Protein chains: 2
Amino acid sequence: MLLRHPHNTEDCRAVSEILQRVGDKWTVLVVGKLGDGPLRFNELRAAVGGISQKMLTTTLRGLERDGFITRTVFPTIPPRVDYELTELGHELLIPVSALGEWARKNTTRVKAAREKFDGVHA
Amino acid sequence: MLLRHPHNTEDCRAVSEILQRVGDKWTVLVVGKLGDGPLRFNELRAAVGGISQKMLTTTLRGLERDGFITRTVFPTIPPRVDYELTELGHELLIPVSALGEWARKNTTRVKAAREKFDGVHA
DNA sequence: CGGCATCCGATTTGATACTG
DNA sequence: CAGTATCAAATCGGATGCCG
């Protein structure tokens, strides 16, 4: 009987939670880079750009905890650690990419709205 | 020639930006409630639940600035202010709802992953 | 009713130094 | 190479009080 958007409070909370997980400063950037295949820690760092190793570690731990990536350690010297999207991670990338595409298509409209707003509320 | 996910750095930044906008503590809750139609300030406050008026104000201002909602003031006494999704806001709700649906369907898997991770890293 | 101003604690992020 | 530890800075969120 609900043909519209499902937005009762519980559902919205769930949405809000994962959006906060995914919506932190670095998560999507990292997941996006891993979308093409596994990367090592410093490869990922370079690919993302501008991220400190602390934040990269934090982000990766969170993603690993939630089951979006796997962490594989090769006990070599020097050590090598690969990060790779799990099946769940790839599935997450689908709606995230959709939102991303929306974002790319509409940045102009958003920027226009901002300029208009900032002009009025100068 | 790009049949895979589009995740070059610029695009990911754009995605990251809107995700941070949408991924703050209250934005999706508010947008979700407005999805059914316009609401007054305190109606919205009650509908969302648990939000302070400061944060509701901040959230609404941000959404208004980005062109996702309109703010209509009725110069009556006492004053009445209606908030309503714009066309852009409704369009945003589409990919956000998709992500939301993904979230609802996969909370179990995420929770399982967390418990497993927390068990190992006790 | 629908805000804004202020203060304060909590959380987040970043810079730097050190380690197996 | 891939982290951990620590500290400082910035931002966020909430509580309170006042106002048109």
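The figures that follow rest on heavy atoms only: side chains count, while hydrogens, waters and symmetry mates do not. Letters A, B, ... are given to chains in the order of the sequence lines, protein chains preceding strands, and every chain is numbered from 1. These numbers come from a predicted model, not from an experiment.
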Nearest-Å distance for atom pair [atom1]/[atom2], residues [X] and [N]:
X: A:Leu60; N: D:dG3; atom1: CG; atom2: P; answer: 7 Å
X: B:Ile51; N: D:dC12; atom1: CD1; atom2: P; answer: 14 Å
X: A:Lys54; N: D:dA8; atom1: NZ; atom2: P; answer: 13 Å
X: A:Met55; N: C:dT12; atom1: CE; atom2: P; answer: 9 Å
X: A:Phe41; N: D:dT4; atom1: CZ; atom2: P; answer: 8 Å
X: A:Leu56; N: D:dG3; atom1: CG; atom2: P; answer: 8 Å
X: B:Arg80; N: C:dG2; atom1: CZ; atom2: P; answer: 8 Å
X: A:Ile77; N: C:dG20; atom1: CD1; atom2: C1'; answer: 9 Å

* Going by the side chain to side chain contact (heavy atoms under 4.5 Å, CB included) test, name the single residue among B:Leu93, B:Ile69, B:Thr86, B:Leu29 that passes it with B:Leu34. =>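 For B:Leu34, the side chain to side chain contact (heavy atoms under 4.5 Å, CB included) check succeeds only for B:Ile69.
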* Stepwise, does the side chain to side chain contact (heavy atoms under 4.5 Å, CB included) test hold for B:Val96 with A:Trp102? -> CA-CA 10 Å; B:Val96 168; A:Trp102 185 94; over 6 Å; no
* To do: Assess whether salt bridge (charged side-chain N to carboxylate O under 4.0 Å, His left out) is satisfied between B:Lys111 and B:Glu115, documenting all intermediate values.
  => CA-CA 6 Å; B:Lys111 280 173 73 175; B:Glu115 282 171 25; 5.9 Å; no
* Taking only side-chain nitrogens and oxygens of A:Arg40, does any of them come within less than 4.0 Å of OP1 or OP2 of D:dC1? ->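 The answer is no; no side-chain N or O of A:Arg40 sits under 4.0 Å from OP1 or OP2.
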* Would you tell me if any nitrogen or oxygen in the side chain of B:Arg71 comes within less than 4.0 Å of OP1 or OP2 on C:dG3? =>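 So the side chain of B:Arg71 is within the cut-off, an N or O lying under 4.0 Å from OP1 or OP2 of C:dG3.
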* Across the strands shown, which category fits A:Tyr83 at heavy-atom distances under 4.0 angstrom: base, sugar-phosphate, nothing? ->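 Here A:Tyr83 touches the backbone only, sparing every base.
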* Asked: Hey, does A:Arg61 reach any base, or is it just sugar-phosphate, or nothing, if we go heavy atoms under 4.0 Å?
  ->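 A:Arg61: backbone/sugar contact only, no base atoms under 4.0 Å.
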* Are B:Leu19 and A:Thr27 close enough, and set up right, to give a side chain to side chain contact (heavy atoms under 4.5 Å, CB included), and what steps lead you there? -> CA-CA 10 Å; B:Leu19 274 172; A:Thr27 295; over 6 Å; no
* For the side chain of A:Thr57, starting at C-beta, report the closest nucleotide among D:dT4, D:dC1, C:dG3. =>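 When the side chain of A:Thr57 is considered, D:dT4 is the closest of D:dT4, D:dC1, C:dG3.
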* **Closest to the A:Pro79 side chain, choosing from D:dC1, C:dG14, D:dG3** =>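 The answer is D:dC1.
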* On DNA chain D, nearest-nucleotide positions of A:Val81 versus B:Asp24: which is more 5'? ->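 Closer to the 5' end of DNA chain D: A:Val81.
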* DNA chain C: 5'-proximal contact among B:Asp82 and B:Gln20 (nearest heavy atom) ->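 Counting from the 5' end, the first nearest nucleotide belongs to B:Asp82.
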* So which one's nearest nucleotide on DNA chain C is more toward 5', A:Gln53 or A:Trp26? ->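 The 5'-side residue here is A:Trp26.
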* To do: Report yes or no: does A:Asn106 contribute a side-chain atom to a donor-acceptor pair with the main-chain N or O of A:Arg109 at less than 3.5 Å?
  =>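 No; zero donor-acceptor contacts below 3.5 Å.
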* Asked: Considering only heavy atoms and no angle criterion, is a donor-acceptor pair shorter than 3.5 Å present between the side chain of B:Lys25 and the base of D:dG13?
  ->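 No.
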